[in-house]
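On a predicted model such as this, the values are computed, not experimentally measured, just so you know.
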There are 2 protein chains.
Amino acid sequence: MENLRELFQVMTRRFGLLNKNCCQIGGIEVSLVQSHILYEISRQNKPSMQHVADTLGMDITTFSRQIQTLVKMELVTKTPLPEDRRVYLLALTTEGKFVAATIDEQMNQYLNEVFANMSEFEREMVIKSVRLLNEAMSKSSVCCKPLA
Amino acid sequence: MENLRELFQVMTRRFGLLNKNCCQIGGIEVSLVQSHILYEISRQNKPSMQHVADTLGMDITTFSRQIQTLVKMELVTKTPLPEDRRVYLLALTTEGKFVAATIDEQMNQYLNEVFANMSEFEREMVIKSVRLLNEAMSKSSVCCKPLA
DNA sequence: AATATATACTTGCATTTTGCAAGTAATAAG
DNA sequence: CTTATTACTTGCAAAATGCAAGTATATATT
């Protein structure tokens with residue numbers, strides 16, 4: 001089999017670069033990790049800190065501090081769970097939602113531009129492939145232990 | 001059009017996680033950035049510092065320091081170019097080549113495991129798609145300015 | 001030839017990010 | 001009631017980051 005790594009190394013690097021750019025919204029500037037955190041909080045329904053940190057494969061202490069920063073920036077709220085007071089539930093503030101939505105838009109815009117260089121057929125194939133890849137990775141034991 | 005970002009966000013996160021793991025070779029430990037640098041030096045033929053930094057979209061000062069570390073670790077050599085003595089050419093030492101090759105193997109092994117969850121047809125489609133994506137991204141103006 | 005400009009790389013900060021170890025507080029298990 | 005376990009926080013110390021300013025070499029301008 002050919003060298004898979006080359007293909008994927010270049011691809012992930014490019015997406016990394018893409019991600020780097022797209023994190024300034026109005027006056028607010030958000031780091032790459034922070035944008036991942038915002039994304040994941042918006043996707044899940046009032047997740048706990050531990051849960052999001054696991055999903056992102058982040059050390060919980062680093063995560064804890066990032067959340068502190070995001071709370072100070074008034075993008076995220078941290079609410080103790082009454083049933084289990086060790087746990088804090090995370091949610092986006094109105095501004096946090098706005099920021100997350102804006103990043104989402106920007107990324108989609110970038111991606112659409114990338115896809116504009118393809119035929120309709122190719123586009124569908126690529127999207128199907130990414131979906132397949134995600135599924136296959138979630139099944140793999142080695143890679144990507146953290147939950148989807 | 002559906003939400004492309006979701007698909008790609010998850011995919012790139014997973015590859016990021018995959019990358020994180022695979023950077024300890026024997027007694028040597030290499031960071032994720034360092035593995036990208038090693039990879040790129042091995043791919044190019046005696047590239048200059050500026051060139052590799054550009055390829056990876058890294059700040060040149062950060063890059064300079066990373067190279068200093070890699071030289072100290074005896075994984076990389078830095079040779080001044082006689083024709084233009086501002087320029088330094090980068091290359092891997094024997095040990096550097098070994099480390100790069102080992103990481104490459106590991107990554108390929110992981111990728112093969114991922115692909116094991118697919119049919120032959122799917123596998124070919126996915127590989128073709130990644131190639132397409134890389135090409136499309138290299139054509140895009142927004143994303144991934146750094147050269148391939 | 002002399003001066004100015006540009007390029008390739010390095011160094012000096014000051015800030016941010018990271019992760020292990022050790023801590024607190026709350027729940028669960030024995 | 002005592003002993004885990006779990007969820008999260010804090011204290012370091014190390015590493016990574018990037019801007020500003022530096023050195024050294026090469027190129028362009030006059």
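- In this structure, the CE atom of Met58(B) is 15 Å from the C1' atom of dT10(C), given to the nearest Å.
- Checking dT10(C), dG19(C), dT5(D) against the side-chain heavy atoms of Arg86(A) singles out dT5(D) as nearest.
- Using modelled atom types and a 3.5 Å distance limit, the side chains of His51(A) and Glu40(A) yield no donor-acceptor pair.
- We find that NZ of Lys72(A) is positioned 12 Å from P of dT9(D), with the value rounded to whole Å.
- Here dT16(C) presents its C1' atom at 14 Å from CG of Leu32(A), a figure rounded to the nearest Å.
- Inter-residue side-chain proximity for Lys139(B) and Glu135(B) is flagged as met; some heavy-atom pair is nearer than 4.5 Å.
- Two residues are said to be in side-chain contact when any heavy atoms from C-beta on lie closer than 4.5 Å; Glu95(B) and Ile28(B) meet this criterion.
- Distance, Leu56(B) CG to dA16(D) P: 15 Å, rounded to whole Å.
- A salt bridge is defined here as a Lys NZ or Arg NE, NH1 or NH2 lying under 4.0 Å from an Asp or Glu carboxylate O, and Glu105(B) with Arg5(A) fails to meet this definition.
- Between Thr62(B) and dG18(D) there is a side-chain N or O to OP1 or OP2 distance below 4.0 Å.
- Following rounding to the nearest Å, His51(B) (NE2) and dT7(C) (P) show an atom-to-atom distance of 16 Å.
- Using a 4.0 Å heavy-atom criterion, one finds that Tyr88(A) contacts the sugar-phosphate atoms exclusively.
- Between the CD1 atom of Ile67(A) and the P atom of dA7(D) there is a distance of 16 Å, given to the nearest Å.
- The listed nucleotides are dC13(C), dA7(D), dT10(C); the one nearest the side chain of Lys78(B) is dT10(C).
- Computed from coordinates, the His36(A) NE2 to dT18(C) C1' distance equals 17 Å when rounded to whole Å.
- Taking only side-chain atoms of Met49(A), from C-beta outward, the nucleotide of dG11(D), dC8(D), dT27(C) with the closest atom is dC8(D).
- For the pair Lys128(A) and Glu122(B), the salt-bridge criterion is not met [side-chain N within less than 4.0 Å of a carboxylate O].
- Close to dT10(D), at under 4.0 Å from its OP1 or OP2, lies a side-chain N or O of Gln68(A).
- Of the two residues near DNA chain C, Glu83(A) and Ser31(A), the one whose nearest nucleotide lies more 5' is Ser31(A).
- Ranking dG19(C), dT10(D), dG12(C) by closeness to the Ser64(A) side chain, first place goes to dT10(D).
- Residue Gln66(A) places none of its side-chain N or O atoms closer than 4.0 Å to OP1 or OP2 of dT16(C).
- Closest-nucleotide positions on DNA chain C for Ile60(B) and Leu81(A) were compared, and the one nearer the 5' end corresponds to Ile60(B).
- The shortest distance between the side-chain N/O atoms of Thr61(A) and the OP1/OP2 oxygens of dG19(C) is not below 4.0 Å.
- To the nearest angstrom, C1' of dA15(D) lies 14 Å from CZ of Arg65(A).
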